[in-house]
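For reference, the structure discussed in these notes is given below.
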Amino acid sequence: MPVKILMVCLGNICRSPLAEGILASKLPKDKFFVDSAGTGSWHVGHCPDKRSIEVARKNGINISEQKGRQIKTSDFDEFDYIYVMDNSNFNDVSHLAKRPEHKNKIHLILNELFPDENVDVPDPYFGATNGFENVYQMLDEVTDIIADKLIKKHV
Ligand code: 4NP
């Protein structure tokens, strides 16, 4: 059984598709399954934002085949780790998780890099294009740490 990791943001078209693609590129596929979801439903079935596709492509990662979906309660049983991009996602996902063992799976992603500081991955959707580069760099850095931890623990 692979270890399952879910990346979550608001729309599942900008940040979490990047987080999914970048982390998946750092983990052995036979041991880990990485997916992403949004707390909102606006972009269910949609491809990632073209600015996320482009910044990933420039870095050698293809996220263009991903399709947006909304987080669902069965995800708390199915996934081992749930990483959320910002504090608002943390609150929304925590409200959906009813059991303590489910709540314990939820981690604010940048706390892996800046422990206990509760820093957000900023939502680049309404901002300038370099917001996507910035998000890419943050996620690349933090997924190095997450991949190391996961490989040490599970491989
Ligand atoms: P994401 O960005 O949460 O990083 O995917 C957003 C994309 C779309 C919307 C909000 C955030 N939206 O309101 O449609």
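Atoms within each ligand, like the ligands themselves, are counted from 1 in listed order.
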I need the nearest protein heavy-atom contact for atom 1 (P) of ligand 1: residue, atom name and distance, please. C9 SG, 3.5 Å

Number the atoms of ligand 1 from 1 as they appear, then name those within less than 4.0 Å of a heavy atom of I13, with their elements. 5 (O), 7 (C), 8 (C)

Is the closest basic N to carboxylate O distance between K153 and D80 below 4.0 Å? no

Under 4.0 Å from a heavy atom of C14: give me the atoms of ligand 1 that qualify, with their elements. 1 (P), 2 (O), 4 (O), 5 (O)

Of all the non-hydrogen atoms in the protein, which one sits nearest to atom 11 (C) of ligand 1, and at what distance? D123 OD2, 2.9 Å

Looking only at heavy atoms, which two atoms of M85 and A19 are closest? And how far apart? CE-CB, 3.7 Å

State plainly whether the residues E54 and R51 are in salt-bridge range, i.e. N to O under 4.0 Å. no

For the residue pair Q137 and E133, confirm or rule out a side-chain donor-acceptor distance under 3.5 Å. yes

Under 4.5 Å between side-chain heavy atoms, counting indirect links through other Ile/Leu/Val/Met/Phe/Trp/Tyr residues: same cluster for L108 and I146 or not? no

For L10, the ligand 1 atoms whose distance to one of its heavy atoms is below 4.0 Å: 3 (O), 10 (C), 11 (C)

Does an N or O from P124, backbone or side chain, lie closer than 3.5 Å to an N or O of ligand 1? no

Short version for D49: what comes under 4.0 Å of ligand 1, heavy atoms counted, is neither

Per-atom contacts, ligand 1 versus G11 - under 4.0 Å to a heavy atom: 1 (P), 3 (O), 5 (O)

Report yes or no: does H43 have a heavy atom closer than 4.0 Å to ligand 1? yes

Which residue and atom name correspond to the protein heavy atom nearest atom 4 (O) of ligand 1, and how close is it? R15 NE, 2.8 Å

Judged by modelled atom types alone, do N89 and D86 share a side-chain donor-acceptor pair under 3.5 Å? yes

Charged N-O contact under 4.0 Å between K26 and D144: yes

